[in-house]
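Only this structure's heavy atoms are used, side chains among them; waters, hydrogens and symmetry mates stay out. Quick caveat, the model's predicted, so the values are computed rather than measured.
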Amino acid sequence: MAKKPSIPKGTRDFSPAEVAKRNYIIQTIKKHFETYGFQPIETPSFENSETLMGKYGDEGDRLIFKILNSGDFISKVDDVTYSSKNSASLTSKISEKALRYDLTVPFARYVVMHQNEIDFPFKRYQIQPVWRADRPQKGRFREFYQCDADVVGADSLLQEVEFVQLYDAVFTDLDLKGATIKINNRKILSGIAEVIGAKDLLVDFTVALDKLDKIGEEKVKVEMMQKGISEKAIAKAQPLFDMTGTAFEQLEKLKTILADSEVGMLGVSELEEIISTVDMIGLQSASLQLDVTLARGLNYYTGAIFEVAAPEGVKMGSIGGGGRYDDLTGIFGLKDVSGVGISFGLDRIYLVLEELNLFPDSLDTTLDVLCLNFGKKEGTAALKLVSGLRKQGLRADLYPTDTKVQKQFKYADKRGVPYVILLGDQELTDGKFVAKNMKTGDQKDYSLDGIEEFSEKVKTEI
RNA sequence: GUGGUUGUAGCUCAGCUGGUUAGAGCGCUGGAUUGUGGUUCCAGAGGUCGCCGGUUCGAACCCGGUCUUCCACCCCA
């Protein structure tokens, strides 16, 4: 007996209704990417391992799905490596390819490989799935979509401002109110680490600081001490734990703390420029918030960093993130190309919209008109009518068999079809058809010679 | 990767200290209704209780393993 089929942990099937909702989000994001001047590219779902490994930190390497070599790969491994039982060194021998982990690193690789064909500054967007060998949770999958927009080859801070506006434009269009775009600057974090004399512990410091609103001040300090940051240094960083007030008030406090740090002050002035410009232009439905505890793990960020939190009350990790990276292409041999970009987490935005019931009802309608089938002669006439309606741009279909009318009606009802057409023997001889509005129950006759009248009526109701 | 949690009909879930033939609601199929769906009424189908093994006269229930779900870490979209 056949075993029940299953799909791997952290993956999902999508039903027609789910695909419709996902497409709605994708189309919305795509539309705004394009109105902001981004061009689409696509890259392979798997890359050479060396392209990906080491770009996301040790933790990231662990989460990259490795693809086994083809052929009799194990026989090519030397005995020393084989018997060492060291996963890392064995993996490099038996796996040369890996599934992409995000879209930013493959994009950097793309820019370097195509540098001679690209007109800089280059604004590209990319909507494709990525894979992570993470342990699944709600809103966390092993296969999920990222929707990225990046611009490389220019270092103007106006781009950061544009990205904030882009986030706002998409969320406004999706009717998602109250998302918080958190912003910080890596230079500020570097400056702080410098000022308190823990420069080489920057990553540990920021990772701990990032947890402030989650685990509280005391536990953050404990973690910092465990990582080897001195009590004195932590005491110096105390003002960070007491950050309150508006973004501008916080910036003033940072200026005092970071007075002796060149990078730190640069970070403050960058943030000040971005925030004040956004403030001047204004946002529609999202809000921009300075958050000095925002760290983001990815090591390649060098300037502004973004993270988008779902509206208050929705329990969901960040639904977007991004930042500026001054030298991502440097790893692949192309120096001095600054980039900045953002990402939308499609799957999480989906869950948020679902929870807040923000998907438009129209997504449920996948067919505008269903024509019932009354037999061979009537069916042929109906097919002619249906293809006429299709030419008018309506989503129209003919029930394929002449089963009981009751059954055909039930099908129409379940599909959520707004109009059902009846074209039987009597109608045929009269040269007309009957259209029934499934919502109101009203029925009306139309001439078979003038289907435009009917199709126009349907179109105005969609 | 660490600790915990979950799995019974298509879906949401009951199922007592281990004891005959494992239940409900919704959904599904058919009929009441041979040219009119949703409402109502009637009937029916559908389950090796996630999987493998163990304990027992006997296991959905106890034990071990495994897969899956969700949660907290880690990290992140």
Side-chain angles (χ1 to χ4, degrees), chain A residues 1-12 15 25 29 56-64 87 100-104 127-148 167 203 206-208 210-211 214-215 219 223 294-299 305-310 315-322 341-352 370 372-375 378 399 402-428 433-443:
Chain A
M1 188 171 160
K3 220 177 128 189
K4 269 187 189 171
S6 63
I7 55 174
K9 176 172 23 183
T11 65
R12 299 145 297 156
S15 66
I25 300 173
I29 292 173
Y56 312 100
D58 293 342
E59 191 65 27
D61 283 356
R62 205 195 80 211
L63 298 175
I64 292 173
S87 299
R100 72 169 159 247
Y101 178 87
D102 73 354
L103 301 177
T104 308
I127 299 174
Q128 289 190 279
V130 302
W131 294 269
R132 295 184 187 178
D134 217 341
R135 191 173 285 204
Q137 282 181 34
K138 200 178 203 84
R140 172 182 281 195
F141 309 99
R142 298 185 120 180
E143 176 182 63
F144 62 98
Y145 270 72
Q146 287 193 333
C147 314
D148 275 31
Y167 267 135
V203 173
T206 54
V207 166
D210 194 33
K211 295 176 191 163
K214 207 169 178 181
I215 62 176
K219 284 183 181 168
E223 183 170 328
L294 175 63
R296 289 189 62 74
L298 299 179
N299 335 20
I305 41 185
F306 300 106
E307 190 162 297
V308 184
K315 221 179 149 202
M316 182 63 63
S318 60
I319 56 175
I342 57 168
S343 180
F344 289 84
L346 168 65
D347 303 83
R348 287 187 178 175
I349 291 172
Y350 180 102
L351 292 170
V352 171
L370 180 75
L372 302 195
N373 191 326
F374 288 98
E378 295 90 335
Y399 197 89
D402 60 344
T403 47
K404 277 204 273 188
V405 173
Q406 188 185 194
K407 195 174 174 182
Q408 298 188 43
F409 260 106
K410 254 184 181 160
Y411 176 79
D413 188 51
K414 269 184 261 180
R415 279 286 303 267
V417 184
Y419 277 95
V420 165
I421 284 179
L422 296 94
L423 181 57
D425 190 44
Q426 191 58 51
E427 285 83 5
L428 212 46
F433 64 89
V434 176
K436 173 167 177 163
N437 182 322
M438 292 295 277
K439 215 173 199 169
T440 62
D442 296 342
Q443 290 188 186

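Looking at A:K414, its side chain has no donor and acceptor atom pair within 3.5 Å of the base of B:G37. Looking at A:E378, its side chain has no donor and acceptor atom pair within 3.5 Å of the base of B:G35. Not a single donor-acceptor contact under 3.5 angstrom links the side-chain atoms of A:Q408 to the base of B:U36.
Across B:G10 and B:U2, the matching P atoms stand 34 Å from one another, rounded to whole Å. Rounded to a whole angstrom, the distance from the C1' atom of B:C61 to that of B:U6 is 16 Å. Rounded to a whole angstrom, the distance from the P atom of B:C67 to that of B:G25 is 37 Å. Comparing B:U68 with B:C51, their C1' atoms are spaced 10 Å from each other, to the whole Å.
In this structure, A:L422 reaches the bases: a heavy-atom distance under 4.0 Å links it to at least one base atom across the strands shown. Across all strands shown, A:D425 has heavy atoms under 4.0 Å from base atoms, whether or not it also approaches the sugar-phosphate. Residue-level contact check: A:G375 touches neither bases nor backbone, having no heavy atom under 4.0 Å from any strand. The residue A:G441 sits close to a base: some heavy atom pair falls under 4.0 Å.
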Please produce a list of atom pairs where a protein N or O lies less than 3.5 Å from an N or O of nucleotides 70-73 of chain B.
{"residue": "B:C71", "atom": "OP2", "partner": "A:K138", "partner atom": "N", "Å": "2.2"}
{"residue": "B:A72", "atom": "OP2", "partner": "A:Q137", "partner atom": "OE1", "Å": "3.2"}

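Residues A:Y399 and A:L370 share a closest heavy-atom pair of N-CD1, 4.0 Å.
Between A:D442 and A:F344, the one whose closest nucleotide on RNA chain B sits nearer the 5' end is A:D442.
A:Y56 has its side chain within reach of A:D102: a pair of non-hydrogen atoms, C-beta onward, lies under 4.5 Å apart. Using a 4.5 Å heavy-atom cutoff, the side chains of A:Y167 and A:I319 are not in contact.
In this structure, A:Y145 OH and A:I25 CD1 are separated by 12.5 Å, a value rounded to the nearest 0.5 Å.
In this structure A:D58 satisfies the side chain to side chain donor-acceptor pair (under 3.5 Å) test with no other residue, sequence neighbours excluded.
When base pairs are accepted only as Watson-Crick or G-U wobble with both N-N or N-O distances under 3.5 Å, RNA chain B takes part in stems of 3 or more pairs at B:1-4 with B:70-73, B:10-13 with B:23-26, B:28-32 with B:40-44, B:50-54 with B:62-66.
A:Q408 places a side-chain N or O within donor-acceptor distance of the main-chain N or O of A:N373, the cut-off being under 3.5 Å.
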